[in-house]
Amino acid sequence: MTYETVRGMRDILPEEVGYWTSLELQVREVARLYNYREIRPPIVEYTELFSRGIGEATDVVGKEMFTFPDKKGRSLTLRPEATASVVRAYVEHGLHAKEPFQKLFYIGPMFRYEKPQKGRSRQFHQYGIEAIGSLDPSLDVEVIEVAWTLMDSLGLGGLSLRLNSIGCAKDREGYREVLRAHFSSRIAAMCEDCQRRYLENPLRILDCKDPRCQAAIESAPGSSEHLCADCASHFSQVRALLEERSLSYRIDGRLVRGLDYYTRTVFELVSEDLGAQDALLGGGRYDDLVERLGGPPTPGVGFAGGMDRLVLVLTERAKAVSCSERLDLFVVALGDDGRKAAFTLARAIRRAGVSVDLDYRGRPLRKQMAYADSLASRTVLVLGESEVASGRGRLKDMDSREEEDVPLTAEGISSAIARRRGRWNLTSS
Ligand code: AMP
């Protein structure tokens, strides 16, 4: 009997892991530049956190959660997103009492019971940032800028920013009525989900992807035309600041995002190369969420980005974020003396930070060279009887085919590799 992964979940195999670690490093680096600190909430939370935080009428809560009882019958859920958890932590640990303004980021797996397809899975991975404690429109712009900076650092072009404002709770109440009026004559011909959404929360109709509903959605009035004076002013400041920084955007009045906690600014960064699942990241303000989860009234803004899609784009464009996974050195060891010397030398070289591997199977030169090739080792050093006797060997650069005479000491070999490393980083593959 053999076993398979659960539907919608997959192994990330060693060949792909390089993209993930580079991406994680890049997220951490950009977060550092803007002073966001990492937080690692647990993967399992009480279900109520999400039903209250994200909203009962959303697809995420209504249909997509992995929910199960624990041994005492309490309802637990694998987190479908992390903003609710970050806000819970902010309230639970009294972060607001120590310093109400907090800039946090996270990286980790999320779980949604969705129909798996390219770019959409049941276990997926997100990175995200949350800036809690200020209503300043420049913070909205900082959050958007972090997203652009990260995409730039990954060399991703062909992206566009969709921007909208859905206003405060009061504005949304009014907008819901505007939407009901718009959909009332059309709802009978729309999907069953939308008929339910029409009663529960017509805003959610705007997220519907069913072809039967698209014409009615496309003619719906936009939310940014129905804002109170404060929200309209916030939105125009956000737009002005984006323009000042030459961060381009496209207003999409029907962008509402699938989670109920959003207020005012909402945005999505989409890739032109991804087809249907084109959203690389999405976010916005959530000025009522801290209070809704039991904290003092505190505004917040953030975004979450999908890593699986980013890796997909990066792989497809073969624009590898410098994959540092190539082996630095493979030592081909021949004969007992060669094997013994290689085993000792490898340990000393690794201590100098150079990655080294050996064959360990006592195979002939040709097989060991082929193995070094399959590992994409950057350099190879042959260690046989004569090299051991003379204390010197030839370090071969497998890309340029150059050879260099090196002393068989950890220092001699690691400094020869360090000299080459500058060049590898420039032409990284
Ligand atoms: P959301 O939390 O729904 O705002 O999604 C934020 C980002 O996470 C999206 O733009 C996607 O890049 C990614 N994402 C959401 N759901 C999935 C999924 N099921 N599979 C892969 N990526 C996802």
Side-chain angles (χ1 to χ4, degrees), residues 5-10 12 16 19-20 23 27 41 43 45 49-50 53-55 57-66 77-87 105-130 143-144 146-148 150-151 154 156 158-164 166 203-204 206-209 252 255-263 265-286 289 300-316:
T5 45
V6 172
R7 181 166 151 80
M9 321 235 166
R10 70 185 190 93
I12 298 170
E16 202 187 304
Y19 288 101
W20 288 85
L23 182 54
V27 169
I43 286 168
E45 300 269 7
L49 174 72
F50 302 117
I54 301 172
T58 60
D59 277 358
V60 170
V61 170
K63 298 184 190 168
E64 297 170 358
M65 294 207 300
F66 281 88
T77 291
L78 299 184
R79 63 181 184 196
E81 60 105 57
T83 302
S85 301
V86 172
V87 169
F105 81 95
Y106 58 82
I107 298 176
M110 310 291 157
F111 302 84
R112 293 184 197 172
Y113 202 93
E114 292 187 88
K115 191 164 172 235
Q117 52 189 289
K118 192 176 177 199
R120 183 167 289 281
S121 46
R122 290 181 176 172
Q123 174 175 331
F124 60 100
H125 304 78
Q126 285 186 336
Y127 60 93
I129 67 170
E130 313 290 357
V143 164
I144 291 173
V146 168
W148 275 121
L150 179 67
M151 297 301 133
L154 297 171
L156 289 180
L159 305 178
S160 64
L161 180 77
R162 298 167 67 203
L163 181 74
N164 192 21
I166 56 171
L203 237 72
R204 298 277 72 88
L206 303 182
D207 300 324
C208 183
K209 297 280 177 294
D252 178 347
L255 176 71
V256 290
R257 317 254 322 113
L259 317 172
D260 275 354
Y261 54 60
Y262 285 115
T263 54
T265 314
V266 287
F267 62 91
E268 242 172 40
L269 204 59
V270 297
S271 155
E272 280 142 27
D273 297 350
L274 269 179
Q277 307 300 324
D278 60 356
L280 286 178
L281 60 90
R285 281 208 156 265
Y286 44 87
L289 185 61
V301 54
F303 73 77
M307 300 179 78
D308 309 68
R309 282 177 204 179
L310 219 42
V311 168
L312 211 68
V313 177
L314 290 171
T315 337
E316 273 170 17

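All ligand and atom numbering here is 1-based and tracks the order in the structure.
- Of all the heavy atoms of Leu280, the ones lying under 4.0 Å from any atom of ligand 1 belong exclusively to the backbone.
- At the top of the distance list for atom 19 (N) of ligand 1, counting protein heavy atoms only, stands Glu114 OE2, 2.6 Å.
- Note that CD of Glu268 is 10.0 Å distant from CG of Leu280, once rounded to the nearest 0.5 Å.
- The Gly119 neighbourhood of ligand 1 comprises atoms 20 (N), 21 (C), 22 (N), with distances under 4.0 Å to a heavy atom of that residue.
- The protein non-hydrogen atom at the shortest distance from atom 5 (O) of ligand 1 is Gln126 NE2, 3.4 Å.
- For the pair Leu159 and Leu156, the tightest heavy-atom approach, listed with the atom from each and the gap, is CD1-O, 3.9 Å.
- Ion pair Arg79/Glu45 not flagged as a salt bridge, since none of the NZ, NE, NH1 or NH2 atoms sits closer than 4.0 Å to an Asp/Glu carboxylate oxygen.
- Taking a cutoff of 4.0 Å between a charged side-chain nitrogen and a carboxylate oxygen, Arg257 and Asp207 do not qualify as a salt bridge.
- For ligand 1, the atoms sitting less than 4.0 Å from at least one non-hydrogen atom of Ala304 are 6 (C), 7 (C), numbered in the order shown with element in parentheses.
- Nearest protein neighbour of atom 14 (N) of ligand 1, counting heavy atoms only, is Phe124 CE1, 3.7 Å.
- For the pair Glu16 and Arg10, the salt-bridge criterion is met [side-chain N within less than 4.0 Å of a carboxylate O].
- When the heavy atoms of Met110, Arg112, Glu81 are ranked by distance to atom 1 (P) of ligand 1, first place goes to Arg112.
- The atoms of ligand 1 that sit less than 4.0 Å from any heavy atom of Ala279 are 9 (C), 10 (O), 11 (C), 12 (O).
- No side-chain heavy atom of Ile166 sits under 4.5 Å from any side-chain heavy atom of Thr263.
- Atom 11 (C) of ligand 1 has Arg309 NH1, 3.3 Å as its closest protein atom, hydrogens excluded (heavy atom only).
- In summary, the atoms of ligand 1 found under 4.0 Å from a heavy atom of Gly306, numbered by their order in the structure, are 7 (C), 8 (O), 12 (O), 13 (C).
- Formation of a donor-acceptor pair under 3.5 Å by the Arg120 side chain with backbone atoms of Gly8 is not found in this model.
- Residue Arg120 has at least one heavy-atom neighbour below 4.0 Å for each of these atoms of ligand 1: 19 (N), 20 (N), 21 (C).
- One N or O on the side chain of Asp308 and one on the backbone of His125 form a donor-acceptor pair closer than 3.5 Å.
- Of all atoms in ligand 1, listed by their number and element, those nearer than 4.0 Å to a heavy atom of Leu281 are 10 (O).
- Of all protein heavy atoms, the one lying nearest to atom 20 (N) of ligand 1 is Ser121 N, 3.0 Å.
- Ring-centre distance between Tyr113 and Phe66: below the 6.0 Å cut-off.
- At least one heavy atom of Arg257 sits less than 4.0 Å from an atom of ligand 1.
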